Amino acid sequence: MPQLIDAFARKFYYLRLSITDVCNFRCTYCLPDGYKPGALGNKSFLSLDEIRRISRAFASLGTEKVRLTGGEPTLRRDFTDIIAAVRENPEIRTLAVTTNGYRLARDVAAWRDAGLTAINVSVDSLDARQFYAITGEDKFTQVMAGIDAAFEAGFEKIKVNTVLMRGVNDTSLNSFLNWIKHRPIQMRFIELMQTGEGGGLFQRHHVSGEVIREQLLRQGWQLQARARSDGPAQVFSHPDYLGEVGLIMPYEKDFCASCNRLRVSAIGNLHLCLFGESGIPLRDLLADDGQLDDLQMRIQGGLRGKRETHFLHQGDSGITQNLSFIGG
Ligand code: SAM
């Protein structure tokens, strides 16, 4: 089978597919004023058939893991059908979603039946009031019930994303660790990333994941080996804990050396990096099943332009105004 490979010999097994820019939360670091319709002009989000064709093309190019993201992907009424369409490809063995969790309690069993294999839920605080202050939505209890429902539906492990913010949750490690002591949850601390709209917040709240890493190592947590389609986290485990801790540190030297991910935006542009470029349009090749060969060639050709690293260190977040655009 052909394999997506770039000029730096990195192989790409993992596609992050955004299926909507719309979000119902107003996280301080992402869409503090809420989603504003109209940013796309008259462009619509990818249809179910377009998503099916993208999945087929990537599956035939060696992709074994797809993550559905957004915006809030579960806002799509056809979300369950989208899961089934991506899983029509046997090569795609892992199909994950990143969600704010507000629909989990109601729908997670149906998603699992349709073929969803992994879930990441974003929870920035275990304190209901602080959760509300960060997300703009008083839905902490609902999201927690959703995580329980996901376990009941048969998911054996759930990942929880927490954006690490100085003065907000950077001293809460122990309460998160208590929470995962007897739960098979992988807590993932993501360093706050600078976006076009989030410059001021970044200056106030960015803190290196190093503060967490030091505490973990001091408490006997050990770094695990990484598999080829794993995401960017450094994962730690501890014999006394059922849960694990992942650290995502995009500002760390060599973060990009292990990049194995490509992204497609909700309007069908291929992005070679979360930060940086305006994307390679794929949409004109998504109208008909007969365009598969051309679509594969455009994806493979586009990959030749992937840069060695992002330029976040220099404060350059490229065109990325916030992460609802191509999904963090
Ligand atoms: N709506 C879904 C959710 O809440 O998980 C999926 C989309 S959201 C953009 C994906 C992830 O990106 C979330 O875990 C979110 O916390 C993270 N994120 C958004 N903006 C970020 C930023 N500036 N720095 C770091 N992580 C960010």
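Model, not experiment: these values are computed from the prediction. Counting convention: from 1, in listed order, for ligands and their atoms alike. Quick note: numbers below take in every heavy atom, side chains included, and nothing from hydrogens, waters or symmetry partners.
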Enquirer: Do ligand 1 and Glu72 have nitrogen or oxygen atoms that lie under 3.5 Å from each other?
Expert: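 Yes: some nitrogen or oxygen of Glu72 is under 3.5 Å from one in ligand 1.
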
Enquirer: Please determine if Val163 has a nitrogen or oxygen closer than 3.5 Å to a nitrogen or oxygen of ligand 1.
Expert: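 There is no such contact.
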
Enquirer: At less than 4.0 angstrom from any non-hydrogen atom of Thr69, what atoms of ligand 1 do you find?
Expert: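 The list of qualifying atoms is 6 (C), 7 (C).
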
Enquirer: Within less than 4.0 angstrom of ligand 1, does Cys27 place any heavy atom?
Expert: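 No, Cys27 has no heavy atoms under 4.0 Å from ligand 1.
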
Enquirer: Using 4.0 Å as the upper bound for N to carboxylate O, is an ion pair formed by Asp81 and Arg52?
Expert: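 Between Asp81 and Arg52 there is no salt bridge, as every charged N stays at least 4.0 Å from the carboxylate O atoms.
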
Enquirer: Return the option from Tyr102, Tyr29, Phe25 holding the heavy atom at the smallest distance from atom 20 (N) of ligand 1.
Expert: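 Going through Tyr102, Tyr29, Phe25 one by one, Tyr29 has the nearest heavy atom to atom 20 (N) of ligand 1.
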
Enquirer: Just distances here: any N/O of Ser122 and N/O of ligand 1 closer than 3.5 Å?
Expert: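 In this structure, Ser122 places an N or O atom under 3.5 Å from an N or O of ligand 1.
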
Enquirer: Below 4.0 angstrom from a heavy atom of Gly71, which ligand 1 atoms are there? Numbered from 1 as shown, please.
Expert: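 Here the atoms of ligand 1 in question are 1 (N), 2 (C), 6 (C), 7 (C).
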
Enquirer: Heavy-atom contacts under 4.0 Å between Thr99 and ligand 1: side chain, backbone, both, or neither?
Expert: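 Under 4.0 Å from ligand 1, Thr99 contributes backbone atoms alone.
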
Enquirer: Hey, is Gly70 one of the residues with a heavy atom under 4.0 angstrom from ligand 1?
Expert: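 Yes.
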
Enquirer: Any luck finding a side-chain donor-acceptor pair between Glu72 and Thr99 under 3.5 Å?
Expert: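 Yes, Thr99 and Glu72 have a side-chain donor paired with an acceptor closer than 3.5 Å.
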
Enquirer: Under a 3.5 Å cutoff, is there a donor and acceptor pairing between the side chains of Gln222 and Ser237?
Expert: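 No - no donor-acceptor pair under 3.5 Å links their side chains.
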
Enquirer: Using side-chain heavy atoms (C-beta onward) and a distance below 4.5 Å, is Leu247 in contact with Val235?
Expert: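 No; the side chains remain at least 4.5 Å from each other.
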
Enquirer: Between Arg213 and Glu210, does any NZ, NE, NH1 or NH2 come within less than 4.0 Å of an OD or OE carboxylate oxygen?
Expert: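 A salt bridge links Glu210 with Arg213.
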
Enquirer: Check this for me: does any side-chain nitrogen of one of Arg188 and Glu244 sit under 4.0 Å from a carboxylate oxygen of the other?
Expert: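 Glu244 and Arg188: not salt-bridged.
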
Enquirer: Would you mind checking if Asp6 and Arg10 are paired as a salt bridge, meaning a charged N to carboxylate O distance below 4.0 Å?
Expert: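 Counted as a salt bridge, because a side-chain N and a carboxylate O are separated by less than 4.0 Å.
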
Enquirer: Looking only at N/O atoms, are Asp124 and ligand 1 under 3.5 Å apart anywhere?
Expert: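 Not met; the criterion fails.
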
Enquirer: State plainly whether the residues Asp240 and Lys181 are in salt-bridge range, i.e. N to O under 4.0 Å.
Expert: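 Salt bridge: no.
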
Enquirer: Using heavy atoms and a 4.0 Å limit, tell me yes or no: is Gln194 in contact with ligand 1?
Expert: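 False for this residue.
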
Enquirer: Which of the numbered atoms in ligand 1 are under 4.0 angstrom from any heavy atom belonging to Asn161?
Expert: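 Atoms satisfying the 4.0 Å criterion: 14 (O).
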
